[in-house]
4 protein chains.
Amino acid sequence: MHKAEVRDRIIHAAIESFSQAGFDRTKMDDIARRIGLSKGTLYLYFKSKEDLFIAISEHYINQLREPLDAEAPTREDLVADAEQFYETFRKIGRPGDDRVIFEMLVESTRNPRLKKAMHEHRLRVHGVIVSYLQRQVERGFFRSDIDIDSLAWAFMSAWVGLTIYKLCGVSEPTVKKAWASMMRAAYAGMG
Amino acid sequence: MHKAEVRDRIIHAAIESFSQAGFDRTKMDDIARRIGLSKGTLYLYFKSKEDLFIAISEHYINQLREPLDAEAPTREDLVADAEQFYETFRKIGRPGDDRVIFEMLVESTRNPRLKKAMHEHRLRVHGVIVSYLQRQVERGFFRSDIDIDSLAWAFMSAWVGLTIYKLCGVSEPTVKKAWASMMRAAYAGMG
Amino acid sequence: MHKAEVRDRIIHAAIESFSQAGFDRTKMDDIARRIGLSKGTLYLYFKSKEDLFIAISEHYINQLREPLDAEAPTREDLVADAEQFYETFRKIGRPGDDRVIFEMLVESTRNPRLKKAMHEHRLRVHGVIVSYLQRQVERGFFRSDIDIDSLAWAFMSAWVGLTIYKLCGVSEPTVKKAWASMMRAAYAGMG
Amino acid sequence: MHKAEVRDRIIHAAIESFSQAGFDRTKMDDIARRIGLSKGTLYLYFKSKEDLFIAISEHYINQLREPLDAEAPTREDLVADAEQFYETFRKIGRPGDDRVIFEMLVESTRNPRLKKAMHEHRLRVHGVIVSYLQRQVERGFFRSDIDIDSLAWAFMSAWVGLTIYKLCGVSEPTVKKAWASMMRAAYAGMG
DNA sequence: CATGAATGAGTCTTCATTCAT
DNA sequence: AATGAATGAAGACTCATTCAT
C-alpha cells in the first residue's frame, strides 16, 4: 500500500507541475523535487513523462461526475438548478484541476491515445446531459421539438468556454453570471 | 516593401507550424524550411521564437471582426442570422487559424504580455456583442430585463467551447447544429 | 554450501546475460530476474558488476582444457585427430560460452586485471600445444626444423578466428571444414 | 568541401575514441572535444552515435584491399610472399585501425545492419583469396585436390585471430612469426 | 540473508540562438 | 540581406549501487 501512496503523491505533484507549466515545460526533476523524491524514482512508477501525463488524464477522465441526477420539483426550480450548476461543478474539482484538464485538451489534439480517451469521456458526459434534457421534456418542462442532442453539445461547449475564460483571467463572478444568464434564456426559450 | 513581404511569409509559415505542432514543439528550423529560408534569417525579422509568436498573436488580435453589424429586418431574421453566425465566422478565418488561436489561448495563460493583449481583444469583442444585443433590445426584439453583459460573455464562451470541440475532433455539422440550437433557444428565451 | 549454490546460480545467469548483451549492455536487474533474485542480493555475493564479470572470467580461465593428451598411434591418426579437434572443443563448452569468452577478450583489451589473467591462460594453453607438437617431433611425425612455438600461436589464432567467425554468423560446417583443411595442409607441410 | 573535411575529422576522432574505449564507453562529448568541436556539431553530421559508428564501419568495409594480386615468379617466392603478407597488411591500415575493426566485429554480433555489411565484406575478401589460391593451383604451385574454399576461410580466421591476439598484448614479432610459420607449413602441405 | 525502493551521476540528443562570411 | 555552421544549455531517461527494513 505504501507504493500506492507514493504513486499518489507523484500524481498530485505532477498535476501541480503540469497545471503551472504545461506539459512541455514541466520537468520531471521539478515534479520529483516537489515531493522530495529523486528523478529516478518517478521512473519506477511511470515509464515516461507521457505515461505519467496519460495516467493523470485517465484519472480525471474516469471520474464521471453526474450532478444532474436530482429532479427539480418545478420548472422554476429547474432554472434555479441550472444556474447553480456552475457553482456545483466548481466545488467538486480540486483547485488547479481546470488547468490540467486544459492541458489534457491541448495534448489530446495531438496525442491519439489521449484524444480517444477524452472523446469517449465527452460522449459519456453528453449522454448524461441528453438523458437529463430528455427527462425534462417528458415532464413537460421543455418543448418536445427541441434538438436535445445539439443542445447538450451546446451546453457542454459553453461550459468548456467559460472554464477557459476563467483560466485566461475572466473573473469568477463574471463567468458564473454568464452561465446563469445563458441558462435562464435558453431554458425560457426551450420551455 | 520587400522586407515586409518576407516578414509576411515568415508569419504565415509560422502560423502553419504553430498550428500543427503547438508553440513548444514548433522548431524554428521547420518554419524556415517551409519558405526556403535559413534559420538565421528568421532572426533578422524576429528577435526570438517568442517574439515571432507574439507578433502572430497581435496580428490576430488586431483583426477585430465585426460580423454583427447588419441589422436583421425582422425578429425571425435575427434568429436565422444568429444560426448563420457560425458559418460566417468559419469562412473568415483561414483553415488552421483556430488552432493557432487555441495556442495563443494556452500561451496567454502563462505569458503576461500575451494575456493582456488577448484580454483587451476579448473586451473589444465583448463590446461589439454587447452593443449588438443592446440594439436588439432597443428595437424591441429582446426583452429589456436581460443581462446583456453576461449574455455576451456566454455567447463568446459557447463559441470558444465549440471551436475547441472542433479541434478535438467533434464533427463540423455537430458543432454547427449545436450553435444553431443554442441560439434559437436563447433568442426565444430572450424575446 | 547454500551460499555457494546461490553464487553459482548468479554466475550462470550472468554468463547468459553477458553472452546475449555483452558487458556494457547487461543490466544487473536482468541477471537478478533470471534467477528470481533481487538486484540487491547480487551485491551480497559480488562487490560490483565488474567483480561479477571478473569472477566469471576467472571461472573460465581456470578451466584449462587439455584435449591433446592422447597419443595418436600413426601419423594418419594424428591428422584425423587434428581434424576432430574442432568437434572435440565444441562439445566441451556449454552453448553460449564462446560468446562470453569473446566478451572477456574484448574487456581484457581494457581491463588490466583481466588482461593479465587471460594472458596467463593463453600462455598455459600455448604451453600445452607446444609440448604436444614437441612430442610429435620426437616421435618423428613432424620434422624437427619446424618452429614449434610459432606454430602453436598460429593454431591458437586460427582457433580464435574461427570461433569469432562463428559468432559473426559463419556457418558451423564451414568453420569446421576450414579447420580440417588447414590442419591437413599444415600437418602435411610439417611432416 | 569544407563540410566534407569536418566530417572527416569527426570520423577520425571517432575512430580514436571507439578504438580506445569501445562503442558503449565512448562519449559523444569526448569525440567532439578531440577536435575542438561541440557535441551538438556532431549531430549536424551524423544522426546518432550509432550512425557515426556505422559510417565508420562502412568506411572500412568498403576499403577492400587486394594485396594478393601480384604473381610470384616461383613457388619459393610464393611462400616468401605469404610470409610477407602480414607485414604488408599491417602497413596499410593506420595504427588503431585494428581496434575499431575489432569493435565492429563485436557490434556486428548484435547490430543486424552491421552484421550484414560485414558479412558481405567477408565474402568479398573470401572471394579474393579463393581466386588467388585458384591461380596457384592453375600454375601448378598447389595440388589440385585442396579444398580452396575452406582454406580461404582458414587463412582469414588465422589472420583475424592473430590480429586479436595482438590487441590482447601478444607481441608483434610473435604474431608475425606465427603467421610465417603457418604459411610455410600450409603451403608446403598444399604443394 | 534477502529485499526492493530510492538515488543521482552520467549520457544522448535537441534546438533556440549567434555570428563570421 | 542571407546564410548555415557552430554552440551549449537543457532535459528525458538509465542503471549501478546503497541501505533501511
Side-chain angles (χ1 to χ4, degrees), chain A residues 2-3 5-7 10 21 23-33 35-52, chain B residues 2-3 6-7 10 23-33 35-53, chain C residues 2-3 6-7 10 23-33 35-53, chain D residues 2-3 5-7 10 24-33 35-52:
Chain A
H2 186 249
K3 196 148 187 187
E5 196 200 317
V6 173
R7 201 189 127 99
I10 293 175
F23 181 78
D24 284 304
R25 295 183 209 171
T26 286
K27 298 163 215 167
M28 290 303 262
D29 206 36
D30 181 62
I31 297 174
R33 246 174 311 161
I35 42 177
L37 284 179
S38 79
K39 223 182 341 181
T41 306
L42 301 192
Y43 286 88
L44 297 177
Y45 293 84
F46 299 93
K47 222 166 78 291
S48 67
K49 186 179 169 184
E50 182 181 324
D51 249 55
L52 172 52
Chain B
H2 187 250
K3 188 149 185 182
V6 174
R7 201 187 126 98
I10 293 175
F23 180 78
D24 283 303
R25 296 184 207 171
T26 286
K27 299 165 208 171
M28 290 303 263
D29 204 40
D30 181 61
I31 297 174
R33 242 172 315 155
I35 40 177
L37 284 180
S38 79
K39 241 187 321 183
T41 306
L42 301 191
Y43 286 85
L44 298 177
Y45 293 84
F46 300 93
K47 214 164 80 318
S48 69
K49 186 180 170 184
E50 184 181 321
D51 249 55
L52 172 52
F53 186 71
Chain C
H2 186 250
K3 189 149 187 184
V6 174
R7 201 187 127 99
I10 293 176
F23 180 79
D24 283 304
R25 297 184 206 170
T26 286
K27 299 166 206 170
M28 290 303 263
D29 205 39
D30 182 61
I31 297 174
R33 244 174 312 156
I35 41 177
L37 284 179
S38 78
K39 240 188 318 185
T41 306
L42 300 191
Y43 286 86
L44 298 178
Y45 292 84
F46 299 93
K47 216 164 83 306
S48 68
K49 186 180 171 185
E50 184 181 322
D51 250 54
L52 172 52
F53 186 71
Chain D
H2 186 249
K3 195 148 186 185
E5 196 200 317
V6 173
R7 200 187 127 100
I10 293 175
D24 284 305
R25 295 184 208 170
T26 286
K27 298 163 215 168
M28 290 304 262
D29 206 34
D30 181 61
I31 297 174
R33 247 174 311 160
I35 41 178
L37 284 178
S38 79
K39 226 179 342 179
T41 306
L42 301 192
Y43 286 88
L44 297 177
Y45 293 84
F46 299 93
K47 223 167 77 285
S48 68
K49 186 178 168 185
E50 183 180 323
D51 249 56
L52 171 52

**OP:** Tell me, please, which residues at least two apart from D:Asp30 pass side-chain hydrogen bond (donor to acceptor under 3.5 Å, both in side chains).
**Re:** D:Ser17, D:Arg34
Original post:
D:Glu50 has an atom CD; how far is it from atom C1' of E:dT13, in whole Å?
Top reply: 14 Å
Original post:
Just how far, in rounded Å, is P of E:dC12 from CG of D:Asp51?
Top reply: 14 Å
Original post:
With sequence neighbours excluded, what pairs up with A:Arg33 under the side chain to side chain contact (heavy atoms under 4.5 Å, CB included) test?
Top reply: A:Asp29
Subject >> Which residues share a side chain to side chain contact (heavy atoms under 4.5 Å, CB included) with D:Phe46, sequence neighbours left out >> reply: D:Arg7, D:Ile10, D:Ile11, D:Leu52, D:Ala55
Subject >> Duplex segments of DNA chain F, taken as runs of at least three Watson-Crick or G-U pairs that stay under 3.5 Å >> reply: E:2-21 with F:2-21
**OP:** Quick one, give me the B/S/- string for nucleotides 1-7 of chain E, reading 5' to 3', where B means a protein heavy atom under 4.0 Å from the base and S means that only happens at the primed atoms, P, OP1 or OP2.
**Re:** SBBBSBB
Original post:
Who passes side-chain hydrogen bond (donor to acceptor under 3.5 Å, both in side chains) against C:Asp24, sequence neighbours left out?
Top reply: D:Arg25
Original post:
Which residue, C:Met28 or A:Phe23, contacts DNA chain F at a nucleotide closer to its 5' end, judged by nearest heavy atom?
Top reply: A:Phe23
Subject >> Separation of atom CZ in B:Phe53 from atom P in E:dA16, rounded to whole Å >> reply: 14 Å
**OP:** Applying ring-ring contact (aromatic ring centres under 6.0 Å, His included), name anything that partners B:Tyr45, two or more places apart in sequence or on another chain.
**Re:** none
Original post:
Which whole-number value in Å describes the distance from D:Lys27 NZ to E:dT13 C1'?
Top reply: 16 Å
Original post:
Given that D:Thr26 and B:Asp29 both sit by DNA chain E, which one's nearest nucleotide is further toward the 5' end?
Top reply: D:Thr26
Original post:
Relative to the 5' end of DNA chain E, which residue comes earlier, D:Lys49 or B:Ser48, by the nucleotide with the nearest heavy atom?
Top reply: D:Lys49
**OP:** Would you mind telling me which residue lines up with the more 5' stretch of DNA chain F, C:Tyr43 or A:Arg25, judged by nearest nucleotide?
**Re:** A:Arg25
**OP:** Applying side-chain hydrogen bond (donor to acceptor under 3.5 Å, both in side chains), name anything that partners C:Ser38, two or more places apart in sequence or on another chain.
**Re:** C:Thr41
**OP:** Name all residues meeting the ring-ring contact (aromatic ring centres under 6.0 Å, His included) criterion together with A:Tyr43; count only those two or more places apart in sequence or in a different chain, and write none if there are none.
**Re:** none
